[in-house]
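Keep in mind it's a predicted model, so treat the numbers as computed, not measured. Values below: all heavy atoms of this structure, side chains included; hydrogens, waters and symmetry mates excluded. We're numbering straight along the sequence, starting at 1.
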Amino acid sequence: MHDPYRGLGDFVLNGQADGLHQVFSGPQPEQVAILYRNGYLRACREALQARFPAVASVMGDVEFRKVCSAYVQASPPRQRTLTGYGVDFPDWLSTEDCTQANPGLVDLARLDGAWLDCLFGLDESPLTALQLNQLIQSGGGFPVSLRLPRNARVVALGCSVFDVWMSIRQGEGGVSLPTQPEPGHALFWRPGMTVFSRQLGAWEARFYLSFQATDSLDEAAEHFLPATANDRDGPITLEQYFARLIESGLLIVGD
């Protein structure tokens with residue numbers, strides 16, 4: 001920060017008014033600086049609310065304002081714009097007293113963040129069943145280089161909050177967060193203009209984490225459990241599950 005404006009920064013972040021006379025020439029520089037501070041804090045809070053709407057909804061306006069003020073003081077913006085501000089907010093939130101009795105708030109923040117990261121992730125065209133058939137019939141054989149979309153996100157959860165998060169996203173009120181630990185995972189991906197998400201069972205989480213880490217369907221398939229592949233629909237085969245991956249837009253050909 002340029003030295004003449006360091007005083008303004010000290011006031012905005014720490015309330016120290018000693019250096020304000022280097023920036024403002026009036027007799028009461030604090031009155032002008034308060035306008036800057038209020039605008040700065042409001043902009044940061046609005047950026048956080050846009051990135052973590054479920055957290056803001058559950059906390060309520062008063063508590064969310066307090067949390068945002070504390071976060072801004074601990075982790076002020078480091079860039080000229082607020083684009084991407086709050087990436088580390090879930091990790092920071094996990095250390096705060098307000099989440100010790102309600103750890104589900106941290107998981108909501110992780111889900112909110114993953115949704116937005118997926119939305120602005122890399123655009124790619126997923127493999128379709130028609131393209132796969134054309135490759136096989138043309139003599140190209142089965143594509144050996146298959147991977148998940150780069151915009152896909154696998155989110156580890158400490159509490160079972162995915163259904164609650166979905167309800168909040170759909171505008172439903174009166175939701176309550178579980179307080180007991182219940183580890184799980186959720187998957188986000190965007191084959192087109194819409195972000196899709198769903199909760200994962202234990203074996204599916206291992207499947208997708210392996211697939212994402214190795215870009216190898218063969219290695220990921222080692223985690224496939226045909227006897228319990230889908231509790232709602234009954235057992236399915238690996239071939240059937242592969243077809244579902246294509247149908248869902250979850251397979252990309254190439255590096």
S138 side-chain N/O to L135 backbone N/O, donor-acceptor pair under 3.5 Å: yes
Report yes if the distance between the aromatic ring centroids of W189 and F211 is under 6.0 Å, otherwise no. no
Is there a donor-acceptor contact under 3.5 Å from the side chain of S210 to the main chain of R206? no
Distance-minimising heavy-atom pair for C159 and P181: SG-CA, 4.3 Å
In this structure, would L209 and I252 fall into the same cluster of hydrophobic residues linked by side-chain contacts under 4.5 Å? no
Stepwise side chain to side chain contact (heavy atoms under 4.5 Å, CB included) test for D112 and R169: CA-CA 9 Å; D112 275 339; R169 296 289 301 193; 3.8 Å; yes
Please tell me whether I246 and I136 are part of a single hydrophobic cluster in this structure, the criterion being side-chain heavy atoms less than 4.5 Å apart. yes
Okay, side chain of T214, backbone of S216: is any donor-acceptor separation there less than 3.5 Å? yes
Here the gap from R153 atom CZ to L111 atom CG, rounded to the nearest 0.5 Å, amounts to 13.5 Å
After noting the C-alpha distance and the side-chain angles of F242 and L132, does the key distance pass the side chain to side chain contact (heavy atoms under 4.5 Å, CB included) rule? CA-CA 12 Å; F242 177 78; L132 178 61; 3.8 Å; yes
So F64 and L48, do their side chains get closer than 4.5 Å, heavy atoms only? yes
Minimum heavy-atom separation for A114 to V155, with atom names? CB-CG2, 3.3 Å
May I have the list of side-chain donor-acceptor pairs in residues 51-60 shorter than 3.5 Å, sequence neighbours left out?
| residue | atom | partner | partner atom | Å |
| --- | --- | --- | --- | --- |
| R51 | NH2 | D117 | OD1 | 2.8 |

Minimal heavy-atom distance between G249 and P191, with the atoms involved, is O-CB, 3.8 Å
Looking at E247, I want to see if its CD is surrounded by more than 12 non-hydrogen atoms of other residues, nucleotides or ligands under 6.0 Å. no
Roughly how far, to the nearest 0.5 Å, is the OG atom of S69 from the CZ atom of R45? 7.0 Å
Rounding to 0.5 Å, atoms CD1 (I168) and CG (L177) come to a distance of 6.5 Å
How far does CG of D218 sit from CG of L146, to the nearest 0.5 angstrom? 9.5 Å
With rounding to the nearest 0.5 Å, note down the distance linking CG in L148 to CG in L187. 7.5 Å
I need the minimum non-hydrogen distance between Y208 and R198, along with the two atoms involved. OH-NH2, 3.6 Å
Check for me, please, whether L250 and L127 land in the same ILVMFWY cluster - side-chain distances under 4.5 Å, paths through other members count. yes
Closest non-hydrogen atom pair between V67 and L93, with its separation: CG1-CD1, 3.9 Å
Any non-hydrogen side-chain atom of L105 less than 4.5 Å from a side-chain atom of E96? no
Just wondering, do F120 and T83 contact through their side chains at under 4.5 Å, heavy atoms? no
I want to check something: taking the side chain as every heavy atom from C-beta on, are Q199 and D163 in contact at a cut-off of under 4.5 Å? yes
Flag the pair P149 / P126 as yes when at least one side-chain heavy-atom distance between them is below 4.5 Å, and no otherwise. no
Between V87 and V195, is there a shared hydrophobic cluster once you connect ILVMFWY residues whose side-chain heavy atoms come closer than 4.5 Å? no
For D107 and L157, the nearest pair of non-hydrogen atoms, with its separation, is OD1-CA, 3.4 Å
Do side-chain atoms of S75 reach the backbone of Y71 as a donor and acceptor pair under 3.5 angstrom? no
Contacts of Y85 that satisfy side-chain hydrogen bond (donor to acceptor under 3.5 Å, both in side chains) - sequence neighbours left out: none
Taking side chain to side chain contact (heavy atoms under 4.5 Å, CB included) as the test, write out the residues that go with S125, two or more places apart. none
Counting distance only, does the side-chain N/O of W92 pair as donor-acceptor with the main-chain N or O of A74 below 3.5 Å? no
Going through the checks in order, is the side chain to side chain contact (heavy atoms under 4.5 Å, CB included) test met by R110 and D91? CA-CA 9 Å; R110 298 195 193 286; D91 291 335; 3.0 Å; yes
For the CD atom of Q49 and the CZ atom of R42, what is their distance to the nearest 0.5 Å? 12.5 Å
What residue among R190, R147, R150 forms side-chain hydrogen bond (donor to acceptor under 3.5 Å, both in side chains) with E124? R147
Describe, in one word, how the ring planes of F188 and W165 are oriented to each other, choosing from parallel (under 30°), tilted (30 to 60°) and perpendicular (over 60°). perpendicular
